[in-house]
Amino acid sequence: MTVLHIGAEHTAVATGQGDEAMAWLVLDMGAQKTARQFFKRSPPTPLEMEHAIATVEDEVIRAVPLLPPGTALLCSDVLVREVALLAGLAPGDRMAMPLDAMERVFERLAAVAEGRPVVREGLPQGTDFAAALLILREFMHHLRFGAITVVR
């Protein structure tokens, strides 16, 4: 099992069996830090998104040696829960969000960055949400997680 926490200034990853973490890593990216560093506008521009993606990818790749094959991904972050709800998952104590459902929410964010009204997509207007979604996407995509379970 791997647990992900996207904090304000850092993102933490812990992996292990049961309640015992066998390895952990703190990544130098967080929702507020990434938004502050890259997003000068709300919503962010496509160029701002691309710059953020490049940096986040480089940081996410640091977690590759930490993760055993086939590990399940869990998260209890409020912003990740919001992504799951925006992806159409029914609210609950455990919500399994497939990668493709998360990608559809990210595509909506990309459409907003391209100029589609944010109200039309029903996405939160803050850059912190955009940064958290970007971090989640890059984490799941580059570390090959097919789903994330959002828990309370």
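The shortest distance between side-chain heavy atoms of His141 and Glu57 does not fall below 4.5 Å. Counting only heavy atoms from C-beta outward, the side chains of Arg81 and Arg152 approach each other to under 4.5 Å. The shortest distance between side-chain heavy atoms of Leu99 and Arg144 does not fall below 4.5 Å. The shortest distance between side-chain heavy atoms of Phe38 and Val56 does not fall below 4.5 Å. With a 4.5 Å cut-off on side-chain heavy atoms, Ile148 and Met95 do not count as touching.
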Please tabulate, for the side chains in residues 2-11, all donor-acceptor contacts under 3.5 angstrom to protein atoms that are two or more places apart in sequence or on a different chain.
unit_1: Thr2; atom_1: OG1; unit_2: Thr15; atom_2: OG1; d: 3.0
unit_1: Thr2; atom_1: OG1; unit_2: Thr71; atom_2: OG1; d: 2.9
unit_1: His5; atom_1: ND1; unit_2: Asp77; atom_2: OD1; d: 2.7
unit_1: Glu9; atom_1: OE1; unit_2: Arg36; atom_2: NH2; d: 2.7
unit_1: Glu9; atom_1: OE2; unit_2: Arg36; atom_2: NH1; d: 3.2
unit_1: Glu9; atom_1: OE2; unit_2: Arg36; atom_2: NH2; d: 3.3
unit_1: Thr11; atom_1: OG1; unit_2: Met29; atom_2: O; d: 2.8

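We find the CG-CE distance between Leu136 and Met97 to be 5.5 Å, quoted to the nearest 0.5 Å. Between atom CD1 of residue Ile53 and atom OG1 of residue Thr34 there is a gap of 11.5 Å, rounded to the nearest 0.5 Å. Interatomic distance, CG of Leu123 versus CG of Leu133, reported as 8.0 Å (0.5 Å rounding).
Each of Met49, Glu121, Glu114 was scored for a side chain to side chain contact (heavy atoms under 4.5 Å, CB included) with Leu109, with one residue passing: Met49.
Between Lys33 and Asp28, at least one side-chain nitrogen of the basic residue sits less than 4.0 Å from a carboxylate oxygen of the acidic one, meeting the salt-bridge criterion.
Within the 3.5 Å criterion, the main-chain N or O of Lys40 finds no donor-acceptor partner in the side chain of Thr127.
Minimum interatomic distance between Ala130 and Pro44 (heavy atoms only, all atoms of both residues): CB-CG, 4.1 Å.
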